[in-house]
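The following block contains the structure, expressed as structure tokens.
Below, read A as the first sequence line, B as the second, and so on, with proteins coming before strands; counting in each chain starts at 1.
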There are 2 protein chains.
Amino acid sequence: MASQNTSQAGRAPSRRRGHERVAALLAAASDCFVEKGYDATTMTEIAARAGASIGSLYQFFPTKESVAEALITGHANGLNEHMERLLAQTPDWTTEELADHLLRAFADYRKRHPAFVALVEVAGSLPSMLGRTIRQRMRDYLSQILAIHAPGLPAGDLRPAAMVVQQLMKAAVALDGEQPATLRKAAQNQLQHALSLYLGQLAARR
Amino acid sequence: MASQNTSQAGRAPSRRRGHERVAALLAAASDCFVEKGYDATTMTEIAARAGASIGSLYQFFPTKESVAEALITGHANGLNEHMERLLAQTPDWTTEELADHLLRAFADYRKRHPAFVALVEVAGSLPSMLGRTIRQRMRDYLSQILAIHAPGLPAGDLRPAAMVVQQLMKAAVALDGEQPATLRKAAQNQLQHALSLYLGQLAARR
DNA sequence: CTAATATGTGAGGGTAGCCTCACATTGGAG
DNA sequence: CTCCAATGTGAGGCTACCCTCACATATTAG
């Protein structure tokens, strides 16, 4: 009797049409979040932008937070794959190459998923601790990468170093929005150089 | 006839009581912004926290943005003085000392004005370009400091380097919120070391 | 074809926030 | 003391938003 309720919100799509709608809604939401931020985007605008009605949106996402969560978990998976690839190739790279891949490749990932940064920011103040989880996992990956690249580093120094690298990656993302382009590229090169110096110094320790 | 209107909002305080009210309102607003962020704090709560009525708040601040602006300009002046002091002492410092003062002293400033970071963030998307102005001025100061500390650096390299230093200072602020304390301090030390390496390399160029 | 379920719709209920307004109180000047 | 501008007050207008609901349409199963 209570097992199924036809007009319950938050159902997962089962038919083909539903999956398309969900995809369109998420894409629209992503655009909105990028342009106006989480707080300023409205459910009405998300629906309109996806060519759907407000009721259709609430059919699949019972709450505004649930929309953000869906986007974040999707991005989190993509980021994990990305870090997995970096980790696998770390043994083959010099210090300069590692610095380049950590900064540039990550910035590229963000450029392909523009909503990612904005969402991880708000995810910290969301009830679900998704934001913390993502940052924590990223830190774990960086620790592993550092352990490979700087084998002489004591285990206790890995996490602080990973935190520093994480902040430098965040800085690279921030620099990505700078204008004009020549200044931006110069600054990004400098940042990469700074990371190289730091990584090199870590690897030289024993 | 149109020169003065008694019940006009946004008037500056002239009597002693008014100045006290404004101070209390700004302090309350600062606390709210720190605890809940700009979007989530309400005018009603600001007034209540200051022990004033909502009408009294609107007497001095015609809009929510105007409250944020007042706080930001105040902080901006304090930050300018801070940078002025750093600039004056730069010639006396070694690379390590400069890195230490840039990171730690700035983090201390933020600890004494907790609302600063949160407000500069939102100031970027505010109509008045206060956020950009502050960041720009900070960048100017850093350029001057670098010009003193690394006299051999070509003028064209100053601004990109200043941007990198600025990002590292931002990173130091972000690390300030980390737990536990031992991990935080270790990471901050590492960040300072990274900055030292970078500054040293800049100063060694010719 | 028919029944059943998934999907689609948009008016509107409920709420909360920003800000106004008409009026009360205070305190200093003359 | 008297007057007037400065300051103080809070109910409420207005708006915008989140979300619900009763019902319509589409699609699949049998």
Handout entry: Carboxylate-amine/guanidinium proximity below 4.0 Å for A/R135 and A/D140
Key = no

Exercise for the section: Give B/T42 one of three labels, base, sugar-phosphate or nothing, depending on what nucleic acid heavy atoms sit under 4.0 Å from its own. Expected result: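 If one applies the 4.0 Å heavy-atom cut-off, B/T42 turns out to touch the sugar-phosphate alone, with no base involved.
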
Exercise for the section: Whole angstrom is fine here: how far is it from CZ in B/F60 over to C1' in D/dT9? Expected result: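 That distance rounds to 13 Å.
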
Handout entry: Lys/Arg-Asp/Glu bridge criterion (N-O < 4.0 Å) met for A/R139, B/E178
Key = yes

Handout entry: For atom CD of A/Q59 and atom C1' of D/dA24, their distance in whole Å
Key =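 So the two atoms are 13 Å apart, to the nearest Å.
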
Handout entry: 5' priority, DNA chain D, between A/D39 and A/G55 [closest heavy atom]
Key =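 Result: A/D39.
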
Practice task
Check the pair B/H193 / A/Q201 against side-chain hydrogen bond (donor to acceptor under 3.5 Å, both in side chains), numbers first and verdict last.
Solution key: CA-CA 10 Å; B/H193 198 81; A/Q201 186 266 352; 3.1 Å; yes

Handout entry: Parallel, tilted or perpendicular: ring planes of A/H113 versus A/Y109, cut at 30 and 60 degrees
Key = tilted

Exercise for the section: Rounded to the nearest angstrom, tell me the gap between atom CD1 in B/I46 and atom P in C/dC19. Expected result: 11 Å

Practice task
Look at the side chain of A/S53 and decide which nucleotide, out of D/dT20, C/dT9, D/dT7, has an atom nearest to it.
Solution key: C/dT9

Exercise for the section: Provide, to the nearest angstrom, the distance between the CE atom belonging to B/M43 and the P atom belonging to D/dG13. Expected result: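 Rounded to the whole Å, the gap is 20 Å.
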
Handout entry: Pair A/E35 + A/R49, salt bridge at N-O below 4.0 Å
Key =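 So A/E35 pairs with A/R49 through a salt bridge.
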
Handout entry: Residue-phosphate contact under 4.0 Å: B/S14 side-chain N/O, D/dT7 OP1/OP2
Key = yes

Problem - Atom pair distance, as rounded to whole Å: CZ in B/R11 and P in D/dG8 - result: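 So the two atoms are 13 Å apart, to the nearest Å.
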
Practice task
Describe the nucleic acid contact of B/G18 in one word from base, sugar-phosphate, nothing, applying a heavy-atom distance below 4.0 Å.
Solution key: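 Contact class for B/G18: sugar-phosphate only.
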
Exercise for the section: Using the closest heavy atom to pick a nucleotide of DNA chain C for each, name whichever of B/T63 or A/A52 lands nearer the 5' end. Expected result: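 Upstream on the strand: A/A52.
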
Problem - Test item: side-chain donor near acceptor, A/Y38 and A/E121, under 3.5 Å - result: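 A/E121 and A/Y38 do not have a side-chain donor-acceptor pair below 3.5 Å.
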
Problem - Selection from C/dT9, C/dC19, D/dT9 that lies nearest to any side-chain heavy atom of B/S56 - result: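 Comparing C/dT9, C/dC19, D/dT9 against the side chain of B/S56, the answer is D/dT9.
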
Practice task
Remember a base hit wins even if backbone is also touched, and classify A/T41 as base, sugar-phosphate or nothing at under 4.0 Å, heavy atoms.
Solution key: sugar-phosphate

Got a list of protein N/O to nucleotides 26-30 of chain D N/O distances below 3.5 Å?
unit_1: D/dA26; atom_1: O3'; unit_2: A/R17; atom_2: NH1; d: 3.3
unit_1: D/dT27; atom_1: O2; unit_2: A/R15; atom_2: NH2; d: 3.4

Exercise for the section: Mind calculating the distance between CG (A/L57) and P (D/dC18) to the nearest angstrom? Expected result: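 The distance from CG of A/L57 to P of D/dC18 comes to 10 Å, rounded to the nearest Å.
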
Exercise for the section: Determine the sole option in A/T90, A/D157, A/V164, A/L158 for which the side-chain contact (heavy atoms from CB on, under 4.5 Å) test with A/L146 is passed. Expected result: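 Exactly one candidate clears the test, A/L158.
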
Handout entry: Between P of D/dT7 and NE2 of B/H19, the distance in whole Å
Key = 8 Å

Handout entry: Atom-pair distance (OH on B/Y38; P on C/dC18), nearest Å
Key =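 B/Y38 atom OH is separated from C/dC18 atom P by 9 Å.
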
